[in-house]
Number of protein chains: 2
Amino acid sequence: MGAMTEADPLPDIDWSAQGIETELGWALPVTYRAFSQVATAAVADVPGGPRGYQVLVAITTESPSSQLALAHRLGIDKTQMTYVIDGLEAGGFVERRPDARDRRVRQVHPTDAGRALLSTAREGLRDAECVLLRHLAGDEQTQLRRLLARVALGAGDIEAAADGAPPTPALPAAAPERSRRPSRD
Amino acid sequence: MGAMTEADPLPDIDWSAQGIETELGWALPVTYRAFSQVATAAVADVPGGPRGYQVLVAITTESPSSQLALAHRLGIDKTQMTYVIDGLEAGGFVERRPDARDRRVRQVHPTDAGRALLSTAREGLRDAECVLLRHLAGDEQTQLRRLLARVALGAGDIEAAADGAPPTPALPAAAPERSRRPSRD
DNA sequence: TATTGTTATACTCTATAACTATA
DNA sequence: TATAGTTATAGAGTATAACAATA
């Protein structure tokens, strides 16, 4: 809706010939960004966005956990975790309960509101996936999931090899959240 | 190498049960990040990283172009484009040639060194892809590429719908380039 | 007056360091 | 002395705004 409307989704470049190089280098980022966008929108109501959502998932589907354990599990810095939990607690979605045996640690428990929020966000994410894969037949979707899962499984080694083996992430990291200004260029 | 070595690549969470939610929400980010990492490494010698590479591809496989045209085509801000071209020109990989007919615009031409650099980077990216897909059989790789390409094609609409229809990207956007410090937590 | 390109500024996100309170 | 958590600071990356030159 900006000043220039001549931006067709797929420019008239002949990618296949020797274009931007291999198709994967194009398709993967595009797909990821689209998913990242809808997924972030789906968890927009969760304080802390994708990371807040990850925390809710972790303490709900597993058991309540200390902040440091959560940070390690989700691959988030412990200082970041403080902010995320702050937001969740301010919204009344989690509680910090001091551990009786070690009063340094604070266990993070989900509240009823937190569980409800998680449930809603989950649905939104499922819908987001459906939108993303809407052009694929049912069996094709299954096929894609399976193949991608296998690649991701092997990909873990790559990440691990590079730096100090960060734990497995689960959502689009952070999703920079493009500015919502009029975007006139 | 860090203080804690208990971080196994895949935690012992039962993702499949009701875990972190849908498999795609896990596999896609993981795969993307792994690719982003190897791809960024592959174009590390290109000033400006992935974006510098994109510029080289555009002006080589197509024709030399003005900076603004490049910015639009690659979905990069024009101010950012200035910096990217600055880096490429400093390295002797491109030349800015004033346009004879409109002396405001500066056409960006690749040098021989630029073409050579592009060639090398291309090989690196192809290798990166092979590494990423190494656990898939040949026909499975083809299948994955095909399915992903179709999803990406449809995904363009999603991105376009959200903000002002940004042109098609071609590489992992920017790839934050994790800090290379000892990573002791 | 509008547009290409550059420069300067501000903002967001994240990483690092320093501090407290417990152990 | 070491660890869990918090707070403060600094850095990278990006977006916005203001500017110069040309049309």
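Just so it is clear, the model here is predicted, and its values are computed rather than measured. Lettering follows sequence order; numbering is per chain, from 1.
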Test side chain to side chain donor-acceptor pair (under 3.5 Å) on A:R96 and A:Q67 and set out the steps. CA-CA 9 Å; A:R96 282 193 246 232; A:Q67 298 187 196; 2.8 Å; yes

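- Here the side chain of B:T82 is nearest to one of D:dT7, D:dA4, C:dT7, namely C:dT7.
- C:dT22 atom C1' lies 13 Å from atom CZ of A:R106, rounded to whole Å.
- Using a 4.5 Å heavy-atom cutoff, the side chains of A:L118 and A:R122 are in contact.
- Closest approach of A:Y32 and B:P29 over heavy atoms only: CE1-CA, 3.8 Å.
- Under the side chain to side chain contact (heavy atoms under 4.5 Å, CB included) test applied with B:V55, the options B:V46, B:I85, B:T60 reduce to a single match, B:I85.
- The nearest whole Å value for the distance from the CG atom in B:D77 to the C1' atom in C:dG5 is 12 Å.
- Between the NZ atom of B:K78 and the P atom of D:dA18 there is a distance of 13 Å, rounded to whole Å.
- At whole-Å resolution of the value, CD1 in A:I76 and P in C:dT14 are 10 Å apart.
- Counting to the nearest Å, the C1' atom of C:dT20 and the CD atom of A:Q67 are 14 Å from each other.
- A straight line from CG of B:L70 to P of C:dT6 spans 12 Å, rounded to a whole angstrom.
- The side chain of A:Q80 lies closest to C:dT14, out of D:dG5, C:dT14, D:dT14.
- Of the candidates D:dT6, C:dT4, C:dA21, the closest approach to any side-chain atom of A:R96 belongs to D:dT6.
- Residue B:Y83 contributes atom OH, which lies 14 Å from atom P of D:dT16 at whole-angstrom precision.
- Between the side chain of B:R103 and the base of D:dT22, no donor-acceptor pair of N or O atoms lies under 3.5 Å.
- Following rounding to the nearest Å, B:D86 (CG) and C:dT7 (P) show an atom-to-atom distance of 7 Å.
- For A:R104, whose side chain is taken as the heavy atoms from C-beta onward, the closest listed nucleotide among C:dG5, D:dA4, D:dA8 is D:dA4.
- Residue B:Q107 is the one, among A:D102 and B:Q107, whose nearest nucleotide of DNA chain C lies closer to the 5' end (criterion: closest heavy atom).
- Considering only the side chain of B:T79, C:dT7 comes nearest among D:dT14, C:dG5, C:dT7.
- Contact annotation: B:R101 does not reach the phosphate of D:dT22 (side-chain N/O to OP1 or OP2, under 4.0 Å).
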Could you go through the side chain to side chain donor-acceptor pair (under 3.5 Å) check for A:H135 and B:R150 one step at a time? CA-CA 7 Å; A:H135 293 311; B:R150 280 174 55 195; over 6 Å; no

